[in-house]
Asker: 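Structure provided below as structure tokens; questions to follow.
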Amino acid sequence: MNIHEYQAKECFRAAGIPVPPGEIATTPDEAEAIATRFGGMVVVKAQVHSGGRGKAGGVKLAKNAVEAREHAARILGMDIKGLTVEKVLVTPAEDIATEAYVGVLVDRKSQAATFMVSAEGGVDIEEVAATNPEAIRKLTVDPRYGILPHQAHWLANYLYDDPGLIKQATKIMMQLYRAFVDSGASMAEINPLITTPSGEVKAIDAKMSIDDSELFRRPGIEAMRDISSEPAAETRAREAGLSFVKLDGDVGCCVNGAGLAMATMDLVKYYGGEPANFLDIGGSSNPDKVVAALEIITSDPNVKVILFNIFGGITRCDDVANGIVEATRRIDIEPPIVIRLTGTNEEEALAILADAGFSAYTSMDDVVETAVKMAKA
Amino acid sequence: MNIHEYQAKECFRAAGIPVPPGEIATTPDEAEAIATRFGGMVVVKAQVHSGGRGKAGGVKLAKNAVEAREHAARILGMDIKGLTVEKVLVTPAEDIATEAYVGVLVDRKSQAATFMVSAEGGVDIEEVAATNPEAIRKLTVDPRYGILPHQAHWLANYLYDDPGLIKQATKIMMQLYRAFVDSGASMAEINPLITTPSGEVKAIDAKMSIDDSELFRRPGIEAMRDISSEPAAETRAREAGLSFVKLDGDVGCCVNGAGLAMATMDLVKYYGGEPANFLDIGGSSNPDKVVAALEIITSDPNVKVILFNIFGGITRCDDVANGIVEATRRIDIEPPIVIRLTGTNEEEALAILADAGFSAYTSMDDVVETAVKMAKA
Amino acid sequence: MAIFIDNDTKLVVQGITGRDGSFHTRQMMEYGTQVVAGVTPGKGGQSFEGSDGKSVPIFNTMDEAVATTGANTSVIYVPPAFAADAIMEAADSGVGFVVAITEGIPVLDMARAHAFARDRGVRVLGPNCPGLISPGKSKVGILPAQIVAEGPVGLVSRSGTLTYEAVFQLTNVGIGQTTCVGIGGDPLIGTNFVDCLEAFEADADTKAIVMIGEIGGTDEQEAAAFVKANLSKPVVGFIAGQTAPPGRRMGHAGAIISGSAGTAEEKMKAFKDNGIAVATRPVDIVGLIQEALG
Amino acid sequence: MAIFIDNDTKLVVQGITGRDGSFHTRQMMEYGTQVVAGVTPGKGGQSFEGSDGKSVPIFNTMDEAVATTGANTSVIYVPPAFAADAIMEAADSGVGFVVAITEGIPVLDMARAHAFARDRGVRVLGPNCPGLISPGKSKVGILPAQIVAEGPVGLVSRSGTLTYEAVFQLTNVGIGQTTCVGIGGDPLIGTNFVDCLEAFEADADTKAIVMIGEIGGTDEQEAAAFVKANLSKPVVGFIAGQTAPPGRRMGHAGAIISGSAGTAEEKMKAFKDNGIAVATRPVDIVGLIQEALG
């Protein structure tokens with residue numbers, strides 16, 4: 001789950017990281033009022049779950065409250081990479097002497113949280129890592145010890161020469177790790193970490209992604225979820241415990257297992273079709289999930305055919321069969337349904353579907369080819 | 001540093017361990033008032049840094065407030081193993097179904113905190129460990145992970161059969177470890193951990209020793225120090241940064257280094273004398289420490305001779321020499337002083353002592369033999 | 001022969017009394033897996049009734065289960081909140097192999113649990129994996145037994161059901177397997193492609209290997225390099241997620257293209273560059289394996 | 001020869017600019033120890049002036065110090081609050097041997113630091129120890145150099161000044177040392193008697209060993225058993241604290257008799273029972289070593 005800059009800043013503040021003040025506005029009036037309270041120059045920043053806000057015109061410096069109002073009016077409602085800006089953060093403009101990059105994320109290879117810092121701030125760290133890796137200092141945090149003071153110091157020492165700045169940055173590294181762990185994050189980034197002409201180190205931007213698996217035990221973070229920032233179908237899928245990603249095609253896919261779901265999408269493409277979605281009904285499923293899956297798929301007006309591809313393992317085929325039958329009773333489903341279903345409790349499932357008048361394929365290629373043909377018909 | 005039962009219970013409560021309420025009385029009147037507030041039966045418990053309070057009559061059950069007053073009157077002022085009882089803890093009496101022992105201490109061999117639990121409570125765990133080790137379950141806590149829930153459960157599972165009791169005790173194990181770490185303890189003990197007839201698990205006694213090296217960063221724990229529970233000379237030594245233990249002999253010893261100090265005491269005994277104290281003036285010393293050491297030694301009226309045995313390493317001999325000279329100027333020292341002094345900056349030190357009219361030995365045996373003779377003269 | 005599990009596998013099921021645990025324990029018992037113990041705290045002393053009339057003793061702790069039954073392998077069906085601790089309990093108990101089925105374990109919990117298992121030299125498979133099966137010998141996890149057969153192919157996959165798909169198609173044409181291993185779809189997994197390839201290379205009965213990857217991370221790329229450097233046996237590869245958009249998590253926590261890294265294209269190229277035959281569709285795996293077996 | 005340090009020792013001093021650090025760095029340089037670097041955060045780029053006119057570069061981090069100078073050993077004089085982290089920084093930096101002089105490091109900090117060093121295969125001596133000296137080769141720590149001489153005796157001790165006492169007396173009668181090691185008086189130490197005994201046994205130049213223990217713990221008892229089982233060389237032992245009362249900490253955090261365990265009597269008995277010659281007074285060590293050397 002992604003959270004907004006202003007929310008990430010709250011997490012940072014709670015961990016003690018120096019972050020300039022800031023308030024959220026949803027209207028130009030509010031933005032003007034906030035800017036008036038701060039006085040002086042402010043920055044108006046679009047709050048969307050997307051990179052490249054700056055390039056898209058979503059971050060603007062305002063000389064005064066009136067200008068802040070004007071910027072907010074332009075930014076609110078703006079579309080940035082398909083997402084509508086609903087909120088702006090208004091924050092005092094800072095004098096910047098230098099900008100650096102500090103990030104921590106879970107690294108697959110070392111199986112641990114890993115810091116990346118670079119003396120160049122405001123950069124795309126993935127690009128720097130790819131093109132100029134020696135401009136980055138990396139630190140793997142042993143999960144048995146957490147970040148140690150000397151390691152934080154080693155990172156800070158890479159960014160600055162001045163002992164005072166190193167001391168502040170060392171503390172910030174420790175605090176960022178604390179924020180990362182306490183929020184259940186998979187990524188936390190300060191980009192840029194600035195120094196001011198008077199020698200202070202501050203985080204003026206903040207980004208965090210939360211590990212979805214952490215949310216059950218972090219209600220405070222879960223409460224930060226901004227439903228307005230995701231398509232309604234994805235909200236519905238999440239609430240039903242389904243993995244769903246909306247795509248642009250017309251073949252609605254309902255598959256158990258992420259790998260098989262991706263392979264099914266790939267096969268739709270192979271046979272000349274376009275998948276309408278990725279949808280994994282997950283492991284241990286129950287009929288309600290199937291009902292929800294059908295509701296979500298049919299809510300997309302592009303969908304011309306619904307393709308089930310179920311291979312039973314921990315998912316029992318009879319549960320899915322029951323779900324399909326129940327769903328067709330409960331809701332009105334217009335597109336035709338083609339079903340492929342095999343594995344655990346396959347025979348019971350086939351009997352249930354037969355009773356309800358469905359017929360089922362056993363070959364994945366056959367069912368996908370048929371679905372693509374039906375979508376094109 | 002040892003803390004009192006009531007203080008250890010505060011640490012336990014802060015970690016969430018279920019501990020019955022209790023209040024401190026320093027007079028029989030207060031004890032009666034507390035017992036009246038609690039109502040019903042109470043236990044009056046001497047607060048001293050010593051085991052065997054029960055056997056010494058320092059723990060008494062009172063049927064009512066009047067009896068609590070009577071017990072408090074007897075216990076306050078009582079001498080238990082040389083320590084005077086200044087405070088009693090008054091706490092409601094609990095119905096006890098079973099008693100167990102739970103303790104955690106730093107184990108030298110595994111270099112880690114180690115739990116010991118026994119289904120028999122109220123025991124001397126060292127005795128059980130020596131005579132019936134199979135009655136104890138031990139767990140080494142890997143300092144890289146802390147105690148893990150399954151480990152706490154494994155300990156609790158050894159104490160109880162009932163799932164409800166196991167669940168409560170599992171939680172208490174985790175909380176005890178938390179209290180242990182958060183207090184900077186070297187030992188924490190619940191003895192006994194009781195179960196009540198209604199199925200609750202509670203800590204009705206509590207004992208903790210704090211690692212002296214933790215105190216600099218735990219002012220809350222340091223504030224628990226009860227100066228009334230230690231000899232005045234030891235308080236003075238601690239404040240001056242000296243290691244001091246009062247003994248019963250007449251040869252005052254002032255040595256640098258704990259090992260050499262013990263060997264000096266042993267040698268005093270070997271030559272037929274009795275050491276008046278253990279005193280280590282420590283590493284990196286300064287003249288003020290020597291002054292303090294002399295003040296402490298001379299405050300003991302038994303001391304007939306003062307023996308310095310200094311071997312310079314990190315301690316510079318000239319510092320000690322300066323200290324001796326300065327001390328003899330500042331304070332009136334009655335017993336004769338014999339000095340052995342060699343090692344780092346030995347020559348400068350000998351010059352300083354010569355200037356001040358002292359002469360110094362270089363052989364440890366010679367100086368000790370001389371000191372013993374002088375004490376006997 | 002087979003890898004990781006065989007006739008000597010003596011299994012303890014952690015979370016045996018849960019819905020999934022009990023269902024799959026019965027399935028494993030029916031397949032012939034030696035399920036020697038179950039663990040559910042608070043239910044120690046009870047027993048679990050398998051559908052074949054056999055019963056399995058339940059213990060409160062892994063320590064008791066292993067001490068009493070001599071189990072050497074554990075499988076975990078406990079809920080995500082307790083699963084990392086269950087893995088560590090298993091790693092502390094004396095078993096040498098731990099199969100973690102549970103999906104949704106917090107990643108930072110797993111970072112600790114993997115370190116803990118590594119410290120003790122215990123192999124973890126998963127989490128968020130379907131387990132493994134050595135046809136005719138033992139099954140640990142949730143793979144449907146009816147789709148496998150004994151034979152010469154070793155199969156390793158990040159996916160669950162996609163594995164079933166591939167195995168099913170192989171079995172249908174009469175090609176059996178030594179062992180089928182699902183390594184799981186999480187970002188942090190205990191046993192990776194390289195570990196399995198190494199084991200298959202050492203297993204005399206395995207004549208060819210199927211490796212099924214997906215988008216996200218670089219495990220497949222490293223495995224491909226390992227194949228070129230260390231494997232004498234033919235390898236057939238498949239990658240799921242050619243149509244997956246970047247930056248979106250495709251179900252598995254680990255299946256996400258970060259920027260332009262971890263794409264199916266990149267992985268398929270690594271396969272080809274290192275001598276691995278690449279299947280375009282799952283069904284193509286069969287033909288390539290038939291060629292490889294000659 | 002010698003153990004742990006010799007002519008190849010290239011030392012970095014952590015806390016080189018402090019009172020103790022600077023004093024003892026000069027002493028070590030005067031003795032001939034190759035002090036190649038100092039570390040004091042915030043003073044990187046400066047240099048430390050030794051009394052012999054040589055100067056030592058100061059770095060902000062151990063990483064820079066080791067990378068720049070090729071140091072293989074570190075000695076720590078930093079205050080207790082930062083010392084455990086300094087040990088871990090050293091263990092992370094590439095040096096193989098870390099000598100921790102600092103007294104008063106919290107025990108739970110050391111439990112972590114020792115685990116950290118063990119994880120990385122780095123030897124720690126101490127903390128709360130005087131360090132060690134290989135006469136004529138190198139000195140690391142605070143032992144006064146003027147009392148040692150080259151010769152055939154290996155000496156290991158839990159004490160500081162008591163070690164000086166014993167070494168001084170040996171040197172006075174013309175018996176030199178291969179290496180004198182102070183293992184420290186804390187309850188949790190990195191290098192113990194057994195480690196030193198093993199190293200002395202393997203050191204061809206060491207012909208006899210002096211082992212100086214004290215009350216508290218069971219290290220001496222285990223060392224005694226190790227001597228009987230593994231040592232071919234004669235060992236002379238001394239235990240301090242025969243007159244120490246039980247339950248009181250005698251200066252060293254580790255020097256405390258718990259209940260009836262860890263007494264001098266018990267340790268002396270273990271020495272005798274395992275063929276170690278026991279000295280009653282420090283001065284008796286000399287005679288027993290003379291006998292042992294024949």
Side-chain angles (χ1 to χ4, degrees), chain B residues 106-109 111-113 124 126-127 130 141-144 180-181 184-186 211-214 216-217 243 245 247 249 255-270 274-275 278-280 282-284 309-316 342-344 346 362-365, chain D residues 19-20 23-24 27 80-81 101 103-112 114-116 119 130 142-144 146-147 157-165 168 185 187-188 212 214-215 217-219 238 240-245 248-255 258-259 261 264 280-283:
Chain B
V106 175
D107 177 61
R108 290 166 180 241
K109 209 172 295 180
Q111 303 207 316
D124 176 346
E126 282 183 3
E127 205 187 297
V141 180
D142 188 330
R144 300 171 303 175
F180 176 83
V181 170
S186 52
D211 175 6
D212 292 338
S213 300
E214 293 269 2
F216 77 92
R217 61 184 178 191
S243 281
V245 177
L247 299 170
V255 188
N256 71 318
L260 189 61
M262 283 187 276
T264 305
M265 285 158 51
D266 295 350
L267 208 58
V268 167
K269 183 101 178 174
Y270 178 87
E274 288 290 340
F278 166 93
L279 193 156
D280 172 12
S284 186
N309 187 10
I310 304 296
F311 211 117
I314 206 165
T315 303
R316 305 187 200 172
T342 190
T344 307
E346 174 181 332
T362 50
S363 150
M364 176 167 165
D365 280 73
Chain D
R19 183 182 192 267
D20 294 335
F23 176 79
H24 288 289
Q27 298 249 320
I101 306 301
E103 180 178 357
I105 307 177
V107 177
L108 293 176
D109 285 11
M110 281 314 305
R112 262 162 63 94
H114 282 311
F116 191 88
D119 285 348
I142 63 174
L143 284 110
Q146 67 272 27
I147 60 169
S157 171
R158 269 169 77 183
S159 167
T161 45
L162 182 54
T163 310
Y164 313 160
E165 188 66 51
F168 182 59
L188 308 190
I212 299 175
E214 62 189 30
I215 56 161
T218 56
D219 271 18
F238 177 82
Q242 297 166 50
T243 51
R248 300 302 307 268
R249 173 181 150 172
M250 304 305 276
H252 287 164
S258 305
T280 311
R281 299 174 298 167
V283 73

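Here is the naming used below: chain letters follow the sequence lines, and residue numbers restart at 1 for every chain.
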Asker: Just wondering, do L108(D) and F180(B) contact through their side chains at under 4.5 Å, heavy atoms?
Answerer: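 Touching, per the 4.5 Å side-chain cut-off.
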Asker: Name the region of F238(D), side chain, backbone, both or neither, that has any atom closer than 4.5 Å to a heavy atom of chain B.
Answerer: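 Contact with chain B involves the side chain of F238(D) alone.
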Asker: So for T280(D), is it side chain, backbone, both, or neither that comes closer than 4.5 Å to the heavy atoms of chain B?
Answerer: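 The answer is the side chain of T280(D).
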Asker: Which region of I310(B), side chain (C-beta onward) or backbone (N, CA, C, O), has a non-hydrogen atom less than 4.5 Å from a non-hydrogen atom of chain D, or is it both or neither?
Answerer: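 Looking at I310(B), nothing touches chain D.
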Asker: In terms of heavy-atom contacts, does CD of Q146(D) have more than 12 from other residues, nucleotides or ligands at under 6.0 Å?
Answerer: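 Yes - once you tally the heavy atoms of other residues, nucleotides and ligands closer than 6.0 Å, there are more than 12.
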Asker: Answer with side chain, backbone, both or neither: which region of A264(D) has an atom nearer than 4.5 Å to a non-hydrogen atom of chain B?
Answerer: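 Interface part for A264(D): neither.
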Asker: Rounded at 0.5 Å granularity, tell me how far OH in Y164(D) sits from OG1 in T342(B).
Answerer: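 Here the rounded value is 12.0 Å.
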Asker: Side chain from CB out, backbone as N, CA, C, O: work out which of these in P130(D) comes under 4.5 Å of a heavy atom of chain B, or both, or neither.
Answerer: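 Neither part, no heavy atoms under 4.5 Å.
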Asker: Need one label for A263(B): side chain, backbone, both or neither, based on atoms under 4.5 Å from any heavy atom in chain D.
Answerer: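 A263(B) touches chain D through backbone and side-chain heavy atoms alike.
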Asker: Does a side-chain heavy-atom distance below 4.5 Å link S159(D) with M262(B)?
Answerer: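 No, their side chains stay 4.5 Å or more apart.
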Asker: Could you tell me which portion of R144(B) (side chain, backbone, both or neither) has an atom closer than 4.5 angstrom to a non-hydrogen atom of chain D?
Answerer: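 Contact with chain D: side chain only.
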Asker: Report which part of R249(D) has an atom under 4.5 Å of a heavy atom belonging to chain B: side chain, backbone, both, or neither.
Answerer: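 When you check distances to chain B, atoms from both the backbone and side chain of R249(D) fall under 4.5 Å.
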Asker: I need the minimum non-hydrogen distance between R108(B) and A255(D), along with the two atoms involved.
Answerer: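 Heavy atoms of R108(B) and A255(D) come nearest at NH2-N, 4.2 Å.
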Asker: Which atom pair, heavy atoms only, marks the closest approach of A258(B) to G251(D)?
Answerer: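 It is CB-CA, 4.0 Å.
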Asker: For S243(B), is it the side chain, the backbone, both or neither that has a heavy atom under 4.5 Å from a heavy atom of chain D?
Answerer: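 When you check distances to chain D, only side chain atoms of S243(B) fall under 4.5 Å.
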Asker: Need one label for D219(D): side chain, backbone, both or neither, based on atoms under 4.5 Å from any heavy atom in chain B.
Answerer: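 Neither; nothing under 4.5 Å.
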Asker: Determine whether a donor-acceptor pair (N or O, by modelled atom type, separation under 3.5 Å) exists between the side chain of T161(D) and the backbone of F311(B).
Answerer: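 No: the side chain of T161(D) does not pair with the backbone of F311(B).
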Asker: How close do G259(B) and E214(D) get, heavy atom to heavy atom, and via which atoms?
Answerer: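 Closest heavy-atom pair between G259(B) and E214(D): CA-OE1, 3.8 Å.
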Asker: Evaluate the side-chain proximity of L188(D) to V106(B): yes if any heavy-atom separation is below 4.5 Å, no if none is.
Answerer: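 With C-beta onward as the side chain, the pair touches.
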Asker: Check whether R248(D) gets within reach of chain B through its side chain, its backbone, both or neither, counting any heavy atom under 4.5 Å.
Answerer: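 Contact with chain B: side chain only.
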Asker: Against chain B, label E165(D) side chain, backbone, both or neither, depending on which of its atoms sit under 4.5 Å from a heavy atom there.
Answerer: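 For E165(D), the contact with chain B is made by backbone and side chain together.
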Asker: Measure the spacing between CE of M265(B) and OG1 of T243(D) and express it to the nearest 0.5 Å.
Answerer: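 Answer for the CE-OG1 pair, M265(B) versus T243(D), is 3.5 Å.
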Asker: Evaluate side-chain contact (heavy atoms from CB on, under 4.5 Å) for E346(B) paired with I147(D), printing each intermediate quantity in order.
Answerer: CA-CA 11 Å; E346(B) 174 181 332; I147(D) 60 169; over 6 Å; no
Asker: Where the side chain of D211(B) meets the backbone of V107(D), is there a donor-acceptor pair that is under 3.5 Å apart?
Answerer: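 It does hold such a pair.
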Asker: Using heavy-atom distances under 4.5 Å, tell me whether Q242(D) contacts chain B through its side chain, its backbone, both, or neither.
Answerer: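 Contact with chain B is through both the backbone and side chain of Q242(D).
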Asker: Of the backbone (N, CA, C, O) and the side chain (C-beta and beyond), which part of A185(B) lies under 4.5 Å from a heavy atom of chain D, both, or neither?
Answerer: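 When you check distances to chain D, only backbone atoms of A185(B) fall under 4.5 Å.
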Asker: Assess whether side-chain contact (heavy atoms from CB on, under 4.5 Å) is satisfied between V245(B) and M250(D), documenting all intermediate values.
Answerer: CA-CA 7 Å; V245(B) 177; M250(D) 304 305 276; 4.1 Å; yes
Asker: For D107(B), is it the side chain, the backbone, both, or neither that has a heavy atom closer than 4.5 Å to a heavy atom of chain D?
Answerer: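 It is the backbone, since no side chain atom gets that close.
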